[in-house]
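Naming convention: chains lettered A, B, ... in sequence-line order (proteins, then strands); numbering from 1 in each chain.
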Amino acid sequence: MNAIFVMLLGLAAMFLGYVFYSKFVAEKIYKLDPNFKTPAHEFEDGVDFVPTNKYVLWGHHFTSVAGAAPIIGPAIAVIWGWVPAFLWVIFGTIFFAGVHDAGAIWASNRNKAKSMGNLTGDVVSKRAQTLFMIVIFLVLLMVNAVFATAISGLLVKFPSSVIPVWGAIFVALIIGQIIFRKWMGLGTVSILGVVALYLLIWAGPSAPLSLPETVGGLTDNASWVLILFGYAAIASLLPVWMLLQPRDYINGLQLFIGLILLYAAVLLLGPDMTAPAFNTNLPENTPSMLPLLFVTIACGAISGFHGLVASGTTSKQLDKETDLRFVGYFGAIGEGSLSLATIIAACAGFATLADWEAVYSSFGQGGVAAFVEGGANIISQGVGLDNEIAETLLTVMAVLFAGTTMDTGLRLQRYIFQEWGNIYNISWMQKALPATLLAVISCVALAFGAGSDGSGGLAIWPLFGTTNQLLAGLTLMVITVMLVRLGRPMYVTLLPLIFLLIMTVFALFIQLKGFYMEENWFLFGLDIVVLIAAVWIALEATSALSNLKKEQKS
Amino acid sequence: MRNMNIKSIQQWFSRAGELVNEFYNAPYRSAIARAKRDEDDLFMMLVFSEMMGVPNPASYYTLELQPLMLERFHDWHQRMGMEHSPLDHFRCC
């Protein structure tokens, strides 16, 4: 089938979802009120609470939720064929992600812009709030380990990207200084920054750089992981304006440029989907598609991480309540379109089926490297860019997304450790440096425990997806309880919640068996922890809803 | 007619510039404000250091700054969970 058809079909379906389904949800379920005084107006302070233009707010929301995860997940999941991944991304975006993201903003907006964690405590129970914190910690832990593994794999596979990837950090540092010291306007700096980044990308292939294969018993993958965590630790300790802010900004621009470039190339080239629609020739040891597909693609279909962004920052800046339909729901569609582009790149970018099968030689292989290779083929043939430069471009894009998420993730984890130091009165843990070290050590342990030395590939990815889905489940639970209290229909959020819980628990059992067979006790233990959390959420949800039913009867 | 066009283009550009600035600043507004507050707190501590028994060679000059700090001081001790001024020689509210 031609990729243009797949692309148009997917985009049209998501657009119709926005026009019709989100209108229904906004008007009939959430009953958005344009006259409701949003927290941004009620508590306006010029710092946290600032009413913001809805397109700008959408820009933030979209660029903070869309990162490397909506690329990695679908790029792994197409191993079962492109149709299942396509269907889950499209239906997930329309019926799960959009409702979840908009709902998270709505719930927070109606409760003084509280964060999802606090809301869980208020709306459901204190016990559920504790659970929420545990799940967040697990997600952050896995996000850092997974992304470090993915980046190191890319840096080893595409040595031409090493110089642009690290050069981008210097570009960001310089931009940060220029803007902070007001030497130039933002518009000029943006153009210069993007030009500098693309010059680096253009120069990358002529100066490839790779680490020696082993240093002191460590493989090159393992060395990169250590270097990355060293960098992320320093980056997370720097003031945000110095590195994180300009880096985020450039990434945002990159995201738009990359998406436009990919879709334009597909339109110009019109490649065929060479990957099978349903893969009947699965490599050995590939787990069953049901339920693993639904946890392999988390971001791009539904992701709990969005709820954190939605309730943490977005809800404090909402100008009018009705804006949240565009910001939340259309933000989810933006991410869905990134996943759709990934599916097309990984499935239409290879000349023959044999080429494709060689890349997807086992589960967890292929992944983001397939996205880079396939996407580069499409771009180079579609827009006429040199293949190696196109590869470097996409690698840099994926690495920068993942890298920024690592910086932020490590920073958030440090805050959690500092908070624990506060709660349990451990004075050294309240300081930034030791707390960062603790965060780094736990992530490195996980990364190596999961086989980041190059042996395990992305074995931990589905577990990360599962935990992310659980977080989404918790947010859906909060929204459902709120809807029941208001006497509104709850099926719009309850059905996705039930579906998610069934799939995650099912997937956890299957992975548990897998880790047991591989005798990977580290991940086995982690799987059990996540499983306990999942069952706990199911019980919490049942008890909260049945209590509500009783209350309403009496 | 031509002037009108240039004017509207200029307006369009300045509006776009505002939006881009907003896009750059909004996500980090609170983190930066918090960092600035921490630095201001440090400065205030220097101004009040003599009262806490820390000798300050510039106290002759910083004394002049104390009245300017009043509002910020009030804000600070409330933020730190103290209802009234913790300093003996500096009453607040």
Side-chain angles (χ1 to χ4, degrees), chain A residues 40 45-65 113 175-176 178-180 182 184-191 193 236 238-253 256 309 312-314 316-319 404 408 411-412 415 432, chain B residues 2-49 52-54 68-83 86 92-93:
Chain A
D45 60 0
V47 179
D48 284 312
F49 295 90
V50 185
T52 304
N53 174 291
K54 80 172 177 182
Y55 297 102
V56 172
L57 193 58
W58 174 79
H60 291 166
H61 185 78
F62 170 45
T63 48
S64 12
V65 298
I175 290 184
I178 293 177
I179 293 174
F180 188 71
K182 301 205 166 79
M184 265 186 236
L186 189 57
T188 329
V189 183
S190 318
I191 294 167
S236 73
L238 289 178
V240 286
W241 63 263
M242 221 181 249
L243 181 61
L244 202 58
Q245 189 179 17
R247 218 159 119 78
D248 245 11
Y249 175 69
I250 300 183
N251 279 357
L253 298 181
F256 289 111
V309 177
T313 46
T314 306
K316 292 186 181 125
Q317 302 176 9
L318 201 64
D319 184 23
T404 312
T408 319
R411 194 180 285 266
L412 292 175
Y415 293 152
Chain B
R2 205 164 148 255
N3 267 334
M4 275 290 283
N5 265 339
I6 290 176
K7 215 172 207 173
S8 67
I9 289 173
Q10 269 176 344
Q11 262 175 356
W12 190 86
F13 262 103
S14 75
R15 177 80 185 123
E18 273 168 36
L19 289 181
V20 171
N21 261 311
E22 184 72 16
F23 180 70
Y24 186 82
N25 287 313
Y28 291 96
R29 213 183 273 128
S30 67
I32 289 173
R34 223 170 285 130
K36 179 174 178 293
R37 200 179 64 187
D38 285 350
E39 277 191 22
D40 286 347
D41 283 356
L42 181 69
F43 180 69
M44 197 167 64
M45 205 183 79
L46 291 175
V47 171
F48 290 112
S49 64
M52 296 180 286
V54 182
L68 299 175
M69 293 274 152
L70 253 177
E71 218 166 297
R72 211 188 284 166
F73 183 78
H74 175 69
D75 185 55
W76 170 81
H77 76 71
Q78 286 205 324
R79 184 158 26 93
M80 292 296 156
M82 289 173 279
E83 237 177 273
C92 182
C93 48

Item checked: Nearest-0.5 Å distance that lies between atom CD1 in I32(B) and atom CZ in F180(A) -> 7.5 Å
Checklist line | A26(B), part contacting chain A, at a heavy-atom distance under 4.5 Å | finding: both
Check: Does any heavy atom of chain B fall under 4.5 Å from the side chain of Q245(A), the backbone, both, or neither of them?
Finding: both
Notebook entry, point to check: Does a side chain donor of either D248(A) or Y28(B) reach within less than 3.5 Å of an acceptor in the other side chain?
Noted result: yes
Checklist line | Minimum side-chain heavy-atom gap T52(A)-E22(B) below 4.5 Å | finding: yes
Next item on the list: Please indicate whether Y55(A) has more than 12 foreign heavy atoms, meaning atoms of other residues, nucleotides or ligands, lying under 6.0 Å from its OH.
Entry: no
Notebook entry, point to check: With side chains defined as the heavy atoms from C-beta onward, is the minimum distance between P246(A) and Y24(B) less than 4.5 Å?
Noted result: yes
Margin query: Using side-chain contact (heavy atoms from CB on, under 4.5 Å), reason through L186(A) and F23(B) one step at a time and then give a plain yes or no.
Written below: CA-CA 10 Å; L186(A) 189 57; F23(B) 180 70; over 6 Å; no
Next item on the list: Count the heavy-atom pairs under 4.5 Å between each of V50(A), V56(A), D45(A) and chain B, then report the option with the highest count.
Entry: V56(A)
Next item on the list: Below 4.5 Å from any heavy atom of chain B, which atoms of L57(A) appear? Answer side chain, backbone, both or neither.
Entry: neither
Checklist line | Between T313(A), I179(A), N53(A), T314(A), the one whose heavy-atom pairs under 4.5 Å with chain B are most numerous | finding: I179(A)
Next item on the list: Could you look at T63(A) and say if it's the side chain, the backbone, both or neither that has a heavy atom under 4.5 Å from chain B?
Entry: side chain
Next item on the list: Tell me, for V240(A) versus chain B, whether the close heavy atoms (under 4.5 Å) come from the side chain, the backbone, both or neither.
Entry: side chain
Margin query: Let's go through D48(A) and R29(B) carefully: what are the C-alpha distance in whole Å and the side-chain angles of both, what is the deciding distance for side-chain contact (heavy atoms from CB on, under 4.5 Å) to 0.1 Å, and is it a yes or a no?
Written below: CA-CA 7 Å; D48(A) 284 312; R29(B) 213 183 273 128; over 6 Å; no
